[in-house]
Amino acid sequence: MKSVELPKAYDPKTFERRVYEMWKTEGHFQPKVDKRKRPFTIVIPPPNVTGVLHMGHALNNSLQDIQIRYRRMKGIPTLWLPGTDHAGIATQNVVERKLRKEGRERTQIGREAFIEETWKVAKEHRAFINNQLERIGASVDWSRERFTLDEGLSKAVREVFVTLYERNLVYRGEYLVNWCPSCGTALSDDEVEHEDEPGSLWHIWYELVDGPTPEWPSGRIEIATSRPETLLGDTAVAAHPNDQRYTALIGKMVRLPLTDRIIPIIADSYVDPEFGTGLVKITPAHDPNDFLVGQRHKLGSTNILNPDATLSSAVPEKYRGMKVLEARKAVLADLESQGLLKSEEKIVHAVGHCYRCHTAIEPYLSRQWFVRMKPLAEKALKAWQDGDVVFFPKKWEHTYEHWLENIRDWCISRQLWWGHRIPVFYCKDCGATMVSREDPVVCTQCGSSNIYQDEDVLDTWFSSWLWPFSTLGWPKDTADLRYFYPTSALVTAYDIIFFWVARMIMAGMEFTGQSPFKEVYIHGLIRDKQGRKMSKSLGNGIDPLEIVDEYGSDALKFTLAYNCAGGQDILLDRDSFKMGSKFANKIWNASRYILMNLEGRTYLPESEIVYNDTDRWILHRLNLAAKNVSQALESWRFNDAAQTAYSYFWDDFCDWYIEASKLSTKSSDEHEKDRATTVLLNMLDASLRLLHPFLPFVTEEIYSMLPNANGKLISARYPEWTAERDAPETEAHFVALKEIVTLVRTLRSEFQIPPEAAIPLNLVFDANFLHAKFITENIALISLLAGASSVSIGAPPPSGSISLAGNGVTAQVQVRGLLDISKLIERLSKEKEKEKAYISKLEAKLSNPAFLSSAPADIIEKEKEKLAASASKAAKLEMYIRELS
RNA sequence: GGGCGCUUGGCUCAGCUGGUCAGAGCGGCUGGUUUACACCCAGUAGGUCGGCGGUUCAAAUCCGUCAGCGCCCA
């Protein structure tokens with residue numbers, strides 16, 4: 001073989017893009033459909049097309065990539081389907097901002113031109129996001145990329161809307177919805193974020209129409225409200241029916257301040273007598289609870305707001321056109337001047353905000369389309385109860401259950417232009433409503449051609465909840481749908497568990513009759529080192545691409561996986577990624593070492609290889625690592641998987657195996673050199689395969705230089721545990737060997753014996769020492785690793801030697817002249833004291849009759865063994881101390 | 001108000017079904033240019049696993065309770 005010279009330093013920039021291109025063009029991301037095998041499928045949680053991938057996406061996609069690469073290497077047909085969603089509100093906002101910069105307005109250019117403009121923007125952003133995914137190394141099948149506004153997916157949306165309508169699960173109605181004045185659209189309950197804010201509770205006088213009476217001498221009542229401007233829309237005042245204080249008032253009328261309206265005082269048990277004065281103003285058009293009260297009492301409603309949250313013509317002229325906060329000021333000032341403002345009380349209350357633009361939400365009465373959720377939720381609940389979908393970690397099941405059990409109808413119309421237009425047509429002549437799979441040309445009722453389509457579009461989620469099957473071709477019965485659906489898993493962070501998980505399961509159950517995925521893995525959020533969420537406003541975000549530039553994609557992925565434990569949040573700063581980078585560097589250099597020493601060596605066929613003890617040990621370690629990594633990945637324990645791989649490679653392969661192999665590679669026996677080099681290459685090959693899912697780029701790059709490589713690593717087979725390689729006895733022998741080596745190294749280090757000082761070593765075995773044969777056969781290796789000048793076994797203690805107590809073995813080192821005896825005695829004494837303390841603990845345990853009668857036999861046996869070992873060691877230490885004194 | 005999570009060495013965290021689990025990375029300290037790697041090697045110090053109580057022969061690991069921090073839902 002020829003030596004291969006790897007560049008001295010690991011520099012991911014020099015190969016990551018090239019390697020990704022290779023994977024992509026060679027088609028490694030595309031599944032090799034095999035009807036006999038069950039595929040592994042993940043659909044990507046589609047990012048917003050106009051968004052930018054942040055560290056949370058990097059985590060989410062890294063985890064998916066690890067799973068995908070692992071299953072692919074297991075020989076499973078594997079599909080990871082990428083795509084983006086059209087993000088109605090967000091994208092429309094982006095385009096409107098852009099237009100405004102150019103001095104144009106949406107309304108001015110018209111619907112068609114606006115949508116055209118938006119498509120342009122969406123396409124640009126989509127390319128940007130896809131590039132980000134590539135830089136992160138996502139092994140997605142680009143040939144199956146989807147967008148929620150694609151023709152096929154739009155067909156799915158229409159099919160679903162019409163079907164729901166036919167099943168009476170979608171309806172139009174006039175209800176209070178969450179209105180974002182800034183976005184100018186209704187939102188679903190889940191798009192509203194509640195935050196505690198300082199505010200005020202104003203106490204306002206409402207005068208009785210009757211004026212002072214014997215039973216109510218003041219002639220006025222006190223109402224408390226945090227939104228005084230809404231009194232302009234009051235249609236009643238209410239008290240609890242059992243509230244004795246106000247019984248006399250029920251049925252009376254009050255003058256609504258600042259208006260010329262007269263409203264009744266009613267009794268309703270919704271009112272909490274303990275809160276405020278026990279009297280509540282009722283504003284059906286602007287408060288969800290009041291809305292219900294209004295319905296119960298048939299109060300009618302006064303909508304005081306325009307869609308842009310300015311006050312409407314329903315209020316007295318002077319307030320019209322004012323913004324809410326402006327109106328609040330004016331109302332308060334006017335109440336004050338009329339002597340109707342009693343007092344102001346500072347409070348903290350929860351205020352809803354738009355999840356997109358953070359504007360305060362106004363409850364707003366309007367006509368919208370809704371999905372009836374209860375029947376859908378019941379099926380989704382059943383899917384979970386039947387075990388058709390399983391959560392990792394399990395604790396999220398409660399959240400899922402709770403949300404589904406308390407579900408409310410879903411407002412799906414959005415007053416936007418960008419999105420799926422609601423497929424409903426109305427007839428201007430007869431008022432008919434038409435919902436059909438094809439656009440009607442004339443009214444199906446009266447035949448009039450005077451029909452028009454609903455102006456609104458659907459919530460983006462109305463397409464996203466179909467994602468796991470619409471992307472595979474549904475409602476068409478495609479080959480992909482048949483083969484890949486239901487998918488294997490969904491990977492997402494817990495902050496959107498409801499959006500994602502619950503809605504998608506509902507849709508899957510309703511339209512495909514099965515859960516769209518079998519497993520749901522919920523990971524944590526990325527936070528900064530102070531535990532704060534990363535956000536633009538805090539400026540504490542870390543751009544994943546900057547990490548890729550600085551440390552490489554592998555460092556990013558490995559670090560994230562290594563830190564991903566359970567569903568815990570991950571606290572990171574830029575330096576955290578050094579961890580992954582250092583590991584990649586270690587892989588690079590270990591490989592570099594092996595590849596630089598191939599010159600003149602012969603790669604031997606497997607049949608000619610005879611393994612030595614060390615080989616059997618590392619094969620055993622690799623075997624175990626393969627098993628543990630697999631088990632960890634299959635139960636979604638990324639940190640365990642990454643740590644197992646890390647520890648195998650660094651602690652076992654590099655620190656011990658490669659060092660040990662130098663005994664052979666530096667020998668004068670040419671065949672032994674060939675043999676050792678061949679095994680090293682084979683072990684490196686297997687190690688790269690083990691590591692590939694976590695650090696795909698560096699492993700693939702190195703693999704391409706292995707003389708024993710076969711094809712591409714991404715499609716190579718993952719190491720699997722085999723019984724032949726299992727060697728627990730060898731493992732135990734090796735533990736003993738390592739102990740001896742470490743004993744000598746520790747002594748050398750603690751007493752600062754210079755490296756060049758020759759250390760003759762003599763080993764004495766206890767009678768029951770189990771590893772005598774192994775150690776005897778490997779003294780050359782011990783000599784190399786411990787840096788001993790010679791190793792003898794069972795020789796009489798050389799003069800000037802000191803003894804080190806091992807487990808069943810004594811290491812006698814001839815270095816007396818080199819070290820400070822009193823310091824050594826001190827050290828040994830300390831060690832002895834520790835041992836004694838441990839012994840008394842064990843003795844106490846073993847003399848406890850309760851322990852002896854209750855504990856299982858094997859535990860008692862183990863404790864006895866521990867005691868014997870410890871006692872023997874203590875005795876040795878005592879003896880050494882005596883000898884030295 | 002309801003639900004959930006966290007509190008382990010200086011820092012960030014692992015420790016599943018109770019008995020070699022008291023661990024890792026970073027940081028600290030000591031020593032190291034034997035040509036794979038100073039993004040390294042060898043060695044080493046640091047924790048009564050938040051407090052209290054309980055279950056058990058045995059608890060960081062189970063139960064209760066208190067304290068602090070955080071999240072979600074209303």
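First the proteins, then the strands, lettered A, B, ... as listed; each starts at 1.
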*Mind calculating the distance between CG (A:Leu525) and C1' (B:C72) to the nearest angstrom?*
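That distance rounds to 12 Å.
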
_What is the separation between atom OH on A:Tyr838 and atom P on B:U48, rounded to the nearest whole Å?_
19 Å

Please identify each residue that fulfils ring pair (Phe, Tyr, Trp, His ring centres under 6.0 Å) with [X], with sequence neighbours left out.
X: A:His398; value: none
X: A:Tyr10; value: none
X: A:Tyr521; value: A:Trp636, A:Phe638
X: A:His620; value: none

_Heavy atoms within less than 4.0 Å of RNA chain B: which residues of residues 568-577 of chain A have one? Give them sorted by number._
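Under 4.0 Å from RNA chain B: A:Gln568, A:Leu571.
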
*Applying salt bridge (Lys or Arg N to Asp or Glu O under 4.0 Å), name anything that partners A:Lys627, two or more places apart in sequence or on another chain.*
none

*What string of B, S and - do you get for nucleotides 23-45 of chain B, 5' to 3', if B is base contact, S is sugar-phosphate-only contact and - is no contact with any protein heavy atom under 4.0 Å?*
-SSS---SS----BB-BSSSSS-

_Assigned glycosidic conformation for B:G46 [threshold 90° from 0]_ = syn

*Can you tell which of A:Asp655, A:Asp652, A:Asp651 makes a salt bridge (charged side-chain N to carboxylate O under 4.0 Å, His left out) with A:Arg621?*
A:Asp652

Considering only the [atom1] atoms, how many Å lie between [N] and [M], rounded to the nearest integer?
N: B:A24; M: B:G15; atom1: P; answer: 15 Å
N: B:G50; M: B:C11; atom1: P; answer: 14 Å
N: B:A60; M: B:A45; atom1: C1'; answer: 22 Å
N: B:C69; M: B:G51; atom1: C1'; answer: 15 Å

_Could you spell out the base pairing of RNA chain B as a dot-bracket line? Use Watson-Crick and G-U wobble contacts where both distances are under 3.5 Å, [ ] for crossing pairs, | for partners on a different strand._
(((((((..((((.....[...)))).(((((.......))))).....(((((..]....)))))))))))).

*Taking the nucleotide of RNA chain B with the closest heavy atom to each, which residue, A:Ala850 or A:Arg637, is nearer the 5' end?*
A:Arg637

*Comparing A:Lys862 and A:Asn563 on RNA chain B - which has the more 5′ nearest nucleotide*: A:Asn563

Residues two or more places apart in sequence or in another chain: which of them pass side-chain hydrogen bond (donor to acceptor under 3.5 Å, both in side chains) with [X]?
X: A:Asp858; value: none
X: A:Glu835; value: A:Ser870
X: A:His240; value: none

*Sugar-phosphate, base or nothing in reach of A:Pro754, heavy atoms under 4.0 Å*: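 Since no nucleic acid heavy atom lies under 4.0 Å of A:Pro754, the category is nothing.
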
*Quick one: label A:Arg408 by what it contacts on the DNA or RNA (base, sugar-phosphate, nothing), any heavy atom closer than 4.0 Å.*
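If one applies the 4.0 Å heavy-atom cut-off, A:Arg408 turns out to touch the sugar-phosphate alone, with no base involved.
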
Would you mind writing out the side-chain donor-acceptor pairs for residues 735-742 of chain A within the sub-3.5 Å range, not counting sequence neighbours?
residue, atom, partner, partner atom, Å
A:Glu739, OE1, A:Asn807, N, 3.1
A:Glu739, OE2, A:Asn807, N, 3.2
A:Thr742, OG1, A:Lys738, O, 2.8

*Tell me whether the OP1 or OP2 atom of B:C13 has a side-chain N or O from A:Arg527 closer than 4.0 Å.*
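No, A:Arg527 has no side-chain N/O under 4.0 Å of OP1/OP2 on B:C13.
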
*Go through A:Glu659 and A:Leu784 one step at a time and tell me if the side-chain contact (heavy atoms from CB on, under 4.5 Å) criterion holds.*
CA-CA 9 Å; A:Glu659 289 312 312; A:Leu784 171 76; over 6 Å; no

_Test applied, ring-ring contact (aromatic ring centres under 6.0 Å, His included); reference residue, A:Trp396; option that passes from A:Trp500, A:Phe391, A:Tyr494_ = A:Tyr494

